[in-house]
Amino acid sequence: MSIVEINFDGIIGPSHNYAGLSFGNLAATKNRGGISHPRAAALQGIAKMRANIALGLTQGILLPHARPNHGWLESLATTHADAAPHTRAQAMSASSMWAANAATVSPAPDTADGRCHLTVANLLTMPHRSHEWPETLAQLRLAFANPAFAVHGPVPTPFGDEGAANHMRLCVSHDAPGVEVFVYGIAGGPFPARQHPDASAAIVRHHLLDPARTLLVQQSEEAIAAGAFHNDVVAVANGRVLFTHEQAFADRETFYADLRTALPEVEIVEVPAAKVSLADAISSYLFNAQLVTLPSGEMALILPSEARDTPSVWSWLQEHVAGNGPIRRLEVVDVRESMANGGGPACLRLRVVADPATADPRFLVDDTKLDAIAAVIEAYWPEVIAQEEISDPALVEKIENARIKLLETLGTVELIDR
Ligand code: SUG
């Protein structure tokens with residue numbers, strides 16, 4: 001059995017729009033009311049997956065949720081037609097595309113029972129995301145039905161949990177026991193801290209992790225206040241490398257010391273604020289890159305094009321690659337439609353370290369399957385959505401039909417009524 005990292009990308013759903021629903025997410029707030037391009041957005045996501053496959057990586061998918069979420073509207077005693085505008089927008093969001101927020105994943109080598117544990121994220125801080133978890137859980141239970149996995153329900157209210165976006169795993173190799181780092185927030189200036197420390201602590205227990213190889217670390221208030229609503233906007237880890245902004249953590253000295261004790265082989269690559277400001281790091285999504293190990297053993301950073309377009313960021317990267325740093329290769333992808341809602345390459349994927357043979361094959365993709373998915377997107381995804389259109393019954397019908405066509409193509413029709 002071979003344990004590898006599988007990236008499960010959320011397919012960008014046909015209702016992708018800019019409603020400005022996430023307070024504290026500067027990109028989403030800035031683009032509120034803009035015109036979205038769901039078809040182009042989804043095709044950008046497919047192109048990113050193709051680029052990862054071309055690098056020799058294993059690729060999976062998670063599927064768009066049913067939108068509008070009629071069941072959720074019903075629980076609020078309303079309907080899509082009658083709902084208040086903000087409620088209607090919350091029911092229509094395609095936010096499940098950001099699969100890094102789907103769940104927290106602890107691979108089998110880290111857990112006491114030797115299973116790979118997943119806890120679906122409750123996402124309760126933002127109303128439009130709080131109703132994602134039941135369908136996410138249904139998908140996780142299908143994709144990871146094999147006894148090699150243990151899939152847990154959400155941590156209860158009022159403990160906000162945003163999944164893998166606030167979780168990092170460092171290890172000497174993917175199949176060796178790793179150190180898991182859970183990053184929580186306490187304060188964020190004017191913005192909410194979305195990850196509650198008690199939620200992180202509960203997941204540590206559910207996942208049967210070894211306390212000696214588990215760290216709970218506070219995100220810095222200044223990072224959240226500057227727009228880093230998740231830790232994966234200011235830090236990313238892969239293998240024995242932690243790539244982080246200097247101002248990501250509340251007490252970086254203690255965290256780095258604890259990490260070095262837990263994993264002496266760790267290499268910390270810290271980007272100083274003097275070279276790249278927190279503002280540039282956040283607007284460019286430098287750290288919301290996928291840091292991956294290629295089949296050659298080298299590490300590559302899969303970056304959004306905004307990182308290349310930000311001079312301070314691009315020159316830091318060029319210097320790093322020219323020197324002796326662990327990141328040997330830069331790959332630029334265009335995920336602009338997602339970026340405009342505050343979701344970069346790393347937000348769009350959930351990492352699961354597991355044997356691909358144990359995942360449901362319907363959730364794994366190669367180029368041929370991506371061709372079939374792209375054909376459905378080309379044929380059925382709306383080309384544009386202007387904010388005022390989200391109440392239009394014709395648009396709703398088009399969005400619902402598009403998702404059903406995709407589920408039929410992928411043989412996952414049991415998810416239609418989720
Ligand atoms: O939760 N944006 C998402 C972006 C999530 C990014 N994920 C990670 N960093 N892992 C969020 O803020 C905006 C949707 C809108 O406003 O219409 C939104 O939900």
Side-chain angles (χ1 to χ4, degrees), residues 7-10 12-13 15-38 41 45 62 64-65 67-69 85-105 121-133 136 160-168 183 185 188 191-195 219 223-224 226-237 248 281-290 304 306 335-351 385-387 389-390:
N7 284 284
F8 288 84
D9 277 46
I12 299 176
S15 73
H16 160 64
N17 71 94
Y18 298 122
L21 300 173
S22 276
F23 181 56
N25 171 338
L26 303 183
T29 305
K30 179 172 145 212
N31 291 304
R32 173 185 201 134
I35 291 177
S36 68
H37 299 84
L62 289 173
H65 291 192
R67 294 291 178 267
N69 186 340
H86 68 278
T87 308
R88 186 182 293 132
Q90 288 160 358
M92 270 294 253
S93 179
S95 52
S96 68
M97 72 175 81
W98 298 296
N101 303 117
T104 305
V105 185
N122 63 29
L123 292 167
L124 60 78
T125 307
M126 296 291 155
H128 68 290
R129 304 213 63 180
S130 68
H131 58 95
E132 282 175 36
W133 73 260
T136 301
D161 171 31
E162 303 262 330
N166 294 314
H167 174 254
M168 302 184 287
V183 185
F191 301 139
R194 298 200 205 177
Q195 183 74 33
Q219 187 177 10
I224 300 175
F229 52 95
H230 292 136
N231 172 67
D232 71 0
V233 174
V234 279
V236 59
I282 291 168
S283 64
S284 69
Y285 266 35
L286 164 62
F287 298 98
N288 202 260
Q290 287 181 251
E306 287 78 354
V335 286
R336 262 172 250 197
E337 283 284 321
S338 168
M339 283 286 287
N341 251 338
C347 298
L348 286 164
R349 62 91 176 96
L350 181 68
R351 286 186 283 192
I385 298 183
Q387 238 353 263
E389 277 179 280
I390 68 165

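Remember, it's 1-based here, ligands and their atoms both numbered in the order they're listed. Atoms considered below: every heavy atom in the structure, side chains included; atoms not considered: hydrogens, waters and symmetry mates.
- Judged by distance alone, the side chain of Asn31 and the main-chain N or O of Asn341 form no donor-acceptor pair under 3.5 Å.
- Of the possible polar contacts, none joining the Asp9 side chain to the Arg349 backbone as a donor-acceptor pair under 3.5 Å is found.
- Qualifying side chain to side chain contact (heavy atoms under 4.5 Å, CB included) partners for Ala89, counting only residues two or more places apart in sequence or in other chains: Ala19, Leu21, Ile390.
- Remark: the backbone N or O of Ile385 is not paired with any side-chain donor or acceptor of Tyr18 at under 3.5 angstrom.
- The only option from Gln195, Glu162, Gln219, His167 that meets the side chain to side chain donor-acceptor pair (under 3.5 Å) definition with His230 turns out to be Glu162.
- A distance-only check finds no donor-acceptor pair linking the side chain of Ser96 to the backbone of Glu132 [under 3.5 Å].
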Please tabulate, one line per pair, the protein N or O atoms found under 3.5 Å from any N or O atom of ligand 1, giving the distance to one decimal.
residue: ligand 1; atom: 1 (O); partner: Arg129; partner atom: NH1; Å: 2.8
residue: ligand 1; atom: 1 (O); partner: Arg194; partner atom: NH1; Å: 2.9
residue: ligand 1; atom: 2 (N); partner: Asn25; partner atom: ND2; Å: 3.3
residue: ligand 1; atom: 2 (N); partner: Asn341; partner atom: O; Å: 3.0
residue: ligand 1; atom: 7 (N); partner: Asn101; partner atom: OD1; Å: 3.1
residue: ligand 1; atom: 9 (N); partner: His230; partner atom: ND1; Å: 3.0
residue: ligand 1; atom: 9 (N); partner: Asp232; partner atom: OD1; Å: 2.8
residue: ligand 1; atom: 10 (N); partner: Asp232; partner atom: OD1; Å: 3.4
residue: ligand 1; atom: 10 (N); partner: Asp232; partner atom: OD2; Å: 2.8
residue: ligand 1; atom: 12 (O); partner: Ser22; partner atom: OG; Å: 2.8
residue: ligand 1; atom: 12 (O); partner: Asn25; partner atom: ND2; Å: 2.9
residue: ligand 1; atom: 12 (O); partner: Arg194; partner atom: NH2; Å: 2.9
residue: ligand 1; atom: 16 (O); partner: Gly20; partner atom: N; Å: 3.2
residue: ligand 1; atom: 16 (O); partner: Leu21; partner atom: N; Å: 2.6
residue: ligand 1; atom: 17 (O); partner: Ala19; partner atom: N; Å: 3.3
residue: ligand 1; atom: 19 (O); partner: Ser22; partner atom: OG; Å: 3.3
residue: ligand 1; atom: 19 (O); partner: His128; partner atom: NE2; Å: 2.7

